[in-house]
Protein chains: 2
Amino acid sequence: MTAADGTVSRGRAADAVTAALEAQISSGALAPNSPLPAERDLMEQFGTSRTVIREAISILANRGLVESKPRFRPVVRKPDYESALHAVSGVVRHLLADQGGVKNLYQSRLFIERALVREAAVSADKQDIADLKQALAANQAAISDSLEFYRTDTAFHGALYRVIRNPIFPAIHEGYTAWLAPHWSKMLRSPERNAMNYRAHEAIMNAILERDPAAAEAALTEHLNAAWEHVRVTFNIDKL
Amino acid sequence: MTAADGTVSRGRAADAVTAALEAQISSGALAPNSPLPAERDLMEQFGTSRTVIREAISILANRGLVESKPRFRPVVRKPDYESALHAVSGVVRHLLADQGGVKNLYQSRLFIERALVREAAVSADKQDIADLKQALAANQAAISDSLEFYRTDTAFHGALYRVIRNPIFPAIHEGYTAWLAPHWSKMLRSPERNAMNYRAHEAIMNAILERDPAAAEAALTEHLNAAWEHVRVTFNIDKL
DNA sequence: CTTTCATTTTGGTCCTACCATATAATTTCT
DNA sequence: AGAAATTATATGGTAGGACCAAAATGAAAG
């Protein structure tokens, strides 16, 4: 087969189509949130069979550049850090099922957040502080409502991932939230436990306000370790 | 269509095949590094057309569970943290091409490694120290050989990612190495610059040996910032 | 203007066929 | 007999056509 640039591809024609569509997405010719052209149009546009068109779309879907629900037109997605996380989610499922997978992931989260609270204590600006305070207040207000508490709990930790101005970190937070959620949901939520977790958040907040990175890191570490220990002993997931 | 478990899937039959193959891989029925059965055998085994078999294989490939070179039999791969990184590499390319992508990635690396050297200074054990020392020695021995210096440089930083016993982190290091390599290779390597970088590594090592996390973090920060600054001013990649 | 119904698109699946190459089998040569 | 060259087969990649069910669309009815 002969590609547009004249090179002979002995391997996959789909790769050429994939690259072309990638380019059209990057250049904005295919706007985000707009549906992809119909497969039969694409096969005319690229002069190939539907087979290769479909394979190309499949590749783009797994790359996170388009979102394809069965029976629906694939929708173009701007490649952002969330879609990158979405792309790994398939493998992550296997890793979590593996021995120690959940523990490894949780440990990495602890490690990251330790560094984040330290960073927050050292260099959070007024806006960061305001965001954290607001998230904390919302968390306090939700102590009696376990479902809402979980949401605000996640939001508070999420605020931590935003003190460092880097879109990679909020995406990482979303990853942790999504992948660890099944195990967090196991946690027996109660107003008492919620209150305990809120106090832990408060301690972290105070350490940040006092610009004490060591105290912030210590508070965060104890908070996450306590949560882990609770899940661990309650559900005996040591081997996970 | 009716799947093996009797459920009727209105969407994709390929998903059923994918799941079945996933199970066979997880259970070890399909051993790692062994080739997948031929497509025509699989279509008989699952009672579906080659189309869906091929789509399932494609999905598995993008999930990182099988590695498929064009025209070759797909090879089963045990899903590890490296294959997870491999799965994102497609999207990452786009993110790096985007505005500030490289900078964001490099900043995240700096953030992670700051925490890593701090961790190393606090809790590196004898083995960790020995590994770091060996990596440092190899780095010193390669000052005059820029190519080899790059390799040992990477190895030294890699040793940092292993002090915390978590397979996620070496994988992250591989990601940084692979994705940042194109930009690092731009760096004008010379014995002088190599010597400079070696001294930076030495300073980090010393701080770790002295169990001084703050000094270690400072040394690492200066090291990576200097490298970034050099790349930045030399090649004017501010907007990358 | 909304609802309902008939029509057309469109994605998902199946099938058959053919090509090019990787792999296995066979022959040929040393 | 063993190695190298040759032929045959198996296998992945692509093409094209067909059918179905659900989605999108347009027309008719309320």
Side-chain angles (χ1 to χ4, degrees), chain A residues 1-21 24-25 30-31 33-77, chain B residues 1-21 24-25 30-31 33-77:
Chain A
M1 296 296 102
T2 303
D5 57 3
T7 59
V8 174
S9 62
R10 289 170 309 219
R12 335 190 101 125
D15 289 345
V17 178
T18 304
L21 288 175
Q24 290 190 27
I25 292 175
L30 289 173
N33 290 14
S34 69
L36 221 55
E39 295 179 355
R40 288 170 175 85
D41 290 348
L42 288 174
M43 63 185 280
E44 187 185 7
Q45 175 179 343
F46 289 102
T48 65
S49 68
R50 199 143 83 92
T51 309
V52 34
I53 296 294
R54 285 181 58 75
E55 185 171 345
I57 291 178
S58 169
I59 292 175
L60 289 177
N62 293 42
R63 283 226 197 310
L65 291 168
V66 304
E67 200 164 3
S68 81
K69 293 183 298 181
R71 293 269 164 208
F72 284 79
R73 292 276 279 281
V75 174
V76 176
R77 284 202 43 162
Chain B
M1 297 297 104
T2 302
D5 56 5
T7 59
V8 174
S9 62
R10 290 171 308 220
R12 336 190 100 125
D15 289 345
V17 178
T18 304
L21 288 176
Q24 290 191 26
I25 293 175
L30 289 173
N33 291 13
S34 69
L36 222 56
E39 296 178 355
R40 288 169 175 85
D41 291 346
L42 288 173
M43 63 186 280
E44 187 185 8
Q45 174 179 344
F46 289 102
T48 65
S49 68
R50 199 143 81 93
T51 308
V52 32
I53 296 294
R54 284 181 59 75
E55 184 171 346
I57 291 178
S58 168
I59 292 175
L60 289 176
N62 293 47
R63 283 226 198 310
L65 291 167
V66 304
E67 200 164 1
S68 81
K69 294 184 298 181
R71 295 265 163 210
F72 284 79
R73 292 277 279 281
V75 174
V76 177
R77 283 202 42 161

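No hydrogens, no waters, no symmetry mates; every other heavy atom, side chains included, goes into these values. Chain naming here is simple, since letters A, B, ... match the order of the sequence lines and numbering starts at 1 in each.
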| Touch check for Ser68(A), heavy atoms < 4.0 angstrom, all strands: base, sugar-phosphate only, or nothing? | nothing
| request: Starting from C1' on dT9(C), measure out to CD on Glu44(A) and report it in whole angstrom. | output: 15 Å
| query | Between Ser49(A) and dT14(D), does any side-chain N or O lie under 4.0 Å from OP1 or OP2? | reply | no
| Where each residue is assigned the nucleotide of DNA chain C containing its nearest heavy atom, which of Arg40(B) and Gly47(B) is assigned the position nearer the 5′ end? | Gly47(B)
| said: Between P on dA10(D) and CG on Leu42(B), what's the gap in Å once rounded to a whole number? | reply: 17 Å
| task | Tell me which of Arg50(A) and Arg73(A) sits closer to the 5' end of DNA chain D, going by the nucleotide each one is nearest to. | result | Arg50(A)
| Yes or no on side-chain contact (heavy atoms from CB on, under 4.5 Å) for Leu21(A) and Leu65(A), after CA distance, side-chain angles and deciding distance? | CA-CA 10 Å; Leu21(A) 288 175; Leu65(A) 291 168; over 6 Å; no
| query | dC14(C), dT23(C), dG12(D): which one has an atom nearest the side-chain heavy atoms of Phe72(B)? | reply | dT23(C)
| message | Please report the distance, rounded to the nearest Å, between CZ in Arg54(A) and P in dC14(C). | response | 11 Å
| request: Quickly work out the Ile53(B) CD1 to dC14(C) C1' distance and round it to whole Å. | output: 12 Å
| query | Which of the following nucleotides, dG11(C), dA15(D), dT11(D), is nearest to the side chain of Ala38(B)? | reply | dT11(D)
| When you match Leu36(B) and Met43(A) each to their closest nucleotide on DNA chain D, which lands nearer the 5' end? | Leu36(B)
| message | Rounded to whole Å, how long is the line connecting atom CG of Asp41(B) with atom C1' of dG12(D)? | response | 13 Å
| field | Shortest side-chain distance from Val52(B), nucleotide among dC14(C), dG11(C), dG13(D) | value | dC14(C)
| field | Minimum-distance nucleotide to Ala13(A) side chain [options: dA22(C), dT14(D), dC20(D)] | value | dT14(D)
| request: For Leu30(A) and Val66(A), run side-chain contact (heavy atoms from CB on, under 4.5 Å): C-alpha distance rounded to whole Å, both residues' side-chain angles, the deciding distance at 0.1 Å, then the answer. | output: CA-CA 11 Å; Leu30(A) 289 173; Val66(A) 304; over 6 Å; no
| When rounded to the nearest 0.5 angstrom, what is the spacing between CD1 in Ile25(B) and CG in Leu36(B)? | 6.5 Å
| message | What's the closest nucleotide to the side chain of Thr51(A) if the choices are dG16(D), dG12(D), dG12(C)? | response | dG16(D)
| query | For Glu44(B), does the CD atom sit with more than 12 other heavy atoms under 6.0 Å from it, leaving out its own atoms? | reply | no
| task | Round to the nearest Å and state the distance from Glu39(A) atom CD to dG16(D) atom P. | result | 16 Å
| Once you round it to whole Å, what is the distance between P of dT14(D) and CZ of Phe46(A)? | 14 Å
| note | To the nearest angstrom, the CZ-P distance between Arg71(A) and dA24(D) comes to 12 Å
| said: Within this structure, what is the NZ-CZ distance for the pair Lys69(B) and Arg71(B), rounded to the nearest 0.5 Å? | reply: 14.0 Å
